[in-house]
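The block underneath contains the structure these notes are about, expressed in structure tokens.
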Amino acid sequence: MLTEYQRYRLFEILPGLSVWFTFFITIFLSIFVPLWMIYFVLVFDLYWVFRACYFAFYLVIAWWRYHRASRIDWVDKMRHEAPKYEDKKHIVFLTLYNETWDVVNTAIESVAKSVYDPSKFTVVVAGEARQKENFDSIFSKIKNGYQGRFGEIIGTLHPVDLPDEIQGKGSNLHYSEQAVHALVDKRGWNYDEIIVTVFDIDTVCHPGYFSYLTYLYCNTERPTRFSYQPVALYNNNMWESPAVLRLMAFGTTFWLLTSLARQDGLVTFSSHSMSFRALIDAGYHDKRIVSEDSRIFYQCFLAYNGDYEVQPIYLPVSMDTTRDDSLWKSLKNLYKQQRRWAWGTEHIPFLITEFKKKGKLIPWYKKFRKVFLEWEGKWSWCLVAPLLTVISRMPMWFAGEDVRQSALFFNAPHMLGNMMTIATIGLLLSVILSIPLLPRRPDKQPPYMYVVMIVQWLLLPISMLLVSSIPAIDAVTHLMLGRYLGFNVSSKKRK
């Protein structure tokens with residue numbers, strides 16, 4: 001009989017084990033039963049043709065909604081169509097570590113420009129005691145430069161080495177949210193009328209973001225049972241970043257756009273908003289994990305027995321790529337960021353364990369879907385690039401003479417080529433749609449850089465393998481072996 005700890009460890013092992021088992025069985029078949037592997041490759045590639053078409057379909061829908069939302073005057077729409085919008089209060093959390101003033105200032109300025117009534121907004125700068133000197137300097141500049149542009153500016157300082165937590169954004173938020181909770185109770189504010197937004201310190205939001213958010217909140221039947229997810233762009237320093245960083249940034253944005261359009265499998269990611277009621281009922285952001293941005297959705301999902309969803313916001317919030325002073329440092333930062341995102345595999349054992357505790361309170365199909373989407377997503381993240389670029393070719397290398405004489409062996413390359421040609425529809429859409437997402441070209445950047453922005457997509461297969469699949473494999477393997485990753489702060493520098 002397994003103990004509770006042993007069962008949890010088993011659930012941590014299984015996602016990584018499924019990835020490595022797939023590697024083993026595909027390589028084994030390629031060497032010893034290449035004909036079987038050829039069949040598998042054809043079926044797998046056909047599956048990804050359908051996935052590419054599926055991706056393209058939802059990307060077009062999301063793109064149309066994004067551009068339609070960008071043309072709307074959300075302040076006017078909120079004031080005329082949002083009932084009792086005046087009763088809503090906003091609390092904006094900005095987590096600070098060692099970021100410089102130029103990064104922080106653009107984020108604060110964007111929030112200030114999107115405020116529709118300063119008296120309704122409280123900005124909370126959540127700093128770390130480990131970087132107290134930087135926090136004091138930054139917070140002083142914020143207070144001096146933005147006093148009067150918000151109802152209130154509050155600073156919290158997360159102490160070092162509190163018990164039962166790991167250092168990172170989640171524990172910082174947890175501490176800050178507790179402090180704000182006490183302040184809200186002291187002032188007697190209604191939890192249901194407070195909208196909480198959590199931004200990274202480099203987040204630059206659209207001027208209409210909070211008006212759109214308030215409009216949705218007021219026009220949703222049960223607004224406290226939703227999180228609100230904007231489109232995440234990584235283009236604050238896009239023109240200064242290396243091509244690989246730009247590709248991965250666009251890839252993240254397009255993945256999120258398709259998720260917003262599908263909505264059934266959507267969870268919160270990076271910067272997002274939610275009700276203060278849900279935040280309290282969920283017990284604040286988890287202080288013991290790395291993937292706090294998506295975990296808070298699952299905490300709410302569990303707290304409300306599956307009656308919790310994500311509402312798309314088709315306006316952008318823009319952040320920085322992981323650019324550093326050199327290409328090598330930038331790539332290392334990108335690798336660590338991708339590995340940290342893939343560490344979301346830690347949700348799988350958490351969900352399986354918590355769903356079991358819930359019993360029949362959550363319908364089985366909801367529980368199955370959440371676990372399946374998390375598991376299949378991480379499995380695909382690890383395997384698609386190596387399977388399509390390397391392993392799919394191995395049966396051709398090891399096939400014996402009897403297999404080489406078969407019609408399937410002769411026709412397989414042509415069939416695979418045709419399927420991959422069809423699958424490039426998703427790539428072509430990405431190339432076309434990436435250009436309008438670029439910020440205005442700085443004067444110091446020559447016009448031919450637009451051509452570079454198109455040609456860079458030729459690096460996608462290599463990028464997907466080296467700085468996407470491999471970091472994901474690294475993450476699931478660490479979890480499988482019980483070598484837990486801490487929270488690494490992504491370095492983001494601008495020229």
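Atom CH2 of Trp101 has more than 12 heavy atoms from other residues, nucleotides or ligands within 6.0 Å. Summarising the local packing, CD1 of Ile25 is surrounded by more than 12 heavy atoms from other residues, nucleotides or ligands at distances under 6.0 Å. Residue-environment remark: NZ (Lys358) exceeds the threshold of 12 foreign heavy atoms within 6.0 Å.
Under the salt bridge (charged side-chain N to carboxylate O under 4.0 Å, His left out) criterion, Glu346 pairs with no residue at all, not counting sequence neighbours. Under the side chain to side chain donor-acceptor pair (under 3.5 Å) criterion, Arg51 pairs with Tyr47, Glu376, not counting sequence neighbours.
Put simply, CD1 on Ile348 and CG on Leu479 are 8.0 Å apart, with the number rounded to the nearest 0.5 Å. Between Gln299 atom CD and Glu292 atom CD the span is 10.0 Å, to the nearest 0.5 Å. Annotation: the span from Ser211 atom OG to His206 atom NE2 amounts to 10.5 Å, rounded to 0.5 Å. Going from atom OG of Ser271 over to atom CG of Asp200 covers 4.5 Å, rounded to the nearest 0.5 Å. We find the CG-CD1 distance between Asn98 and Ile201 to be 11.5 Å, quoted to the nearest 0.5 Å. Taking CD1 of Ile195 as the reference point, atom CG of Leu279 lies at 13.0 Å (rounded to 0.5 Å).
Between the side chains of His272 and Thr197, no donor-acceptor pair of N or O atoms lies under 3.5 Å. Tyr335 and Asp474 share a side-chain donor-acceptor pair at under 3.5 Å. At a cut-off of 3.5 Å, with distance as the only test, no side-chain donor of His158 or Gln131 sits close to an acceptor on the other residue. Judged purely by distance below 3.5 Å, without hydrogens or angles, the side chains of Glu165 and His174 never pair a donor atom with an acceptor atom. Of the N and O atoms on the side chains of Tyr308 and Ser227, at least one donor lies less than 3.5 Å from an acceptor on the other residue. For the residue pair Trp397 and Ser30, no side-chain donor N or O sits within less than 3.5 Å of a side-chain acceptor on the partner. Between the side chains of Asn236 and Ser318, a donor-acceptor pair is found at a separation under 3.5 Å. At a cut-off of 3.5 Å, with distance as the only test, no side-chain donor of Asp293 or Ser270 sits close to an acceptor on the other residue. Counting only N and O atoms by type, the side chains of Ser468 and Trp381 include a donor and acceptor under 3.5 Å apart. Using a 3.5 Å distance cut-off with no hydrogens or angles, the side chains of Thr321 and Asn237 do pair a donor with an acceptor. Residues Arg65 and Tyr314 bring a donor and an acceptor atom of their side chains to less than 3.5 Å of each other. Counted by atom type alone, Tyr298 and Glu374 present one or more donor-acceptor pairs between their side chains at under 3.5 Å.
Geometrically, Arg441 does not engage Tyr450 in a cation-pi contact, judged by NZ or CZ lying under 6.0 Å from the ring centre and within 45° of the ring axis. For Arg339 and Trp341, the positive end is not near the middle of the six-membered ring at less than 6.0 Å and at most 45° from its axis.
Here the closest non-hydrogen pair linking Gly344 and Lys378 is C-CE, 3.8 Å. Closest of all the heavy-atom pairs between Tyr212 and Ala69 is CE1-CB, 4.1 Å. Closest of all the heavy-atom pairs between Asn235 and Pro439 is O-CG, 3.3 Å. For Met274 against Cys300, the heavy-atom pair with the smallest separation is CE-SG, 3.5 Å. Minimum heavy-atom separation, Tyr217 to Ser275: OH-CB, 3.3 Å. Tyr8 and Pro349 make their closest contact through CE1-O, 3.6 Å (heavy atoms, listed as atom of the first residue, atom of the second, distance).
Taking the side chain as every heavy atom from C-beta outward, Met248 and Val467 approach each other to under 4.5 Å. Between Val198 and Thr268, the closest side-chain pair of non-hydrogen atoms is not below 4.5 Å. Counting heavy atoms from C-beta outward, Val310 and Phe226 have side chains that stay 4.5 Å or more apart. Within the 4.5 Å cutoff, the side chain of Met449 has heavy atoms near those of the Trp239 side chain. The shortest side-chain heavy-atom distance between Asp202 and Glu99 does not fall under the 4.5 Å cut-off. Side-chain contact between Met319 and Leu233 is absent, with no heavy-atom pair separated by less than 4.5 Å. Under the 4.5 Å side-chain criterion, counting only non-hydrogen atoms from C-beta, Arg483 is not in contact with Thr477. Contact annotation: the side chain of Leu315 approaches that of Ser70 to within less than 4.5 Å [non-hydrogen atoms, C-beta and beyond].
Here the two rings, on Tyr54 and Tyr58, have centers that are under 6.0 Å apart. When ring centroids are compared, Trp63 and Tyr66 come within the 6.0 Å threshold. Aromatic pair Trp255/Tyr234: ring centres not closer than 6.0 Å.
A salt bridge links Arg9 to Glu12: at least one charged side-chain nitrogen sits closer than 4.0 Å to a carboxylate oxygen.
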Handout entry: Test log, rule side chain to side chain donor-acceptor pair (under 3.5 Å), inputs Asp324 and Asn333
Key = CA-CA 8 Å; Asp324 211 313; Asn333 292 339; 2.9 Å; yes

Exercise for the section: Would you please test Trp375 and Thr345 for side chain to side chain contact (heavy atoms under 4.5 Å, CB included) and show each step? Expected result: CA-CA 7 Å; Trp375 199 322; Thr345 309; over 6 Å; no

Exercise for the section: Starting from the C-alpha separation in whole Å, work towards a yes-or-no answer on ring-ring contact (aromatic ring centres under 6.0 Å, His included) for Phe23 and Trp20. Expected result: CA-CA 5 Å; Phe23 273 127; Trp20 283 106; 5.5 Å; yes

Practice task
Determine, step by step, whether Tyr209 and Phe199 satisfy the ring-ring contact (aromatic ring centres under 6.0 Å, His included) criterion, reporting the C-alpha distance in whole Å, the side-chain angles of both residues, the deciding distance to 0.1 Å, and the verdict.
Solution key: CA-CA 12 Å; Tyr209 178 82; Phe199 281 164; 5.7 Å; yes

Handout entry: Trp457 and Ser430: CA distance, side-chain angles, deciding distance, side chain to side chain donor-acceptor pair (under 3.5 Å) verdict
Key = CA-CA 9 Å; Trp457 286 90; Ser430 300; over 6 Å; no

Problem - Steps toward side chain to side chain donor-acceptor pair (under 3.5 Å) verdict (His285, Arg295) - result: CA-CA 8 Å; His285 282 78; Arg295 175 61 65 85; over 6 Å; no

Practice task
Using the side chain to side chain contact (heavy atoms under 4.5 Å, CB included) rule, take Phe250 and Gln456 through it: C-alpha gap first, then chi angles, then the decisive distance, then the call.
Solution key: CA-CA 12 Å; Phe250 281 130; Gln456 69 186 10; 4.0 Å; yes

Mind listing the side-chain donor-acceptor pairs of residues 364-373 below 3.5 Å, one per line with the distance, residues two or more places apart or on another chain?
| from | atom 1 | to | atom 2 | distance (Å) |
| --- | --- | --- | --- | --- |
| Lys366 | NZ | Gly306 | O | 3.1 |
| Lys367 | NZ | Gly359 | O | 2.6 |
| Arg369 | NH2 | Asp264 | OD2 | 2.4 |

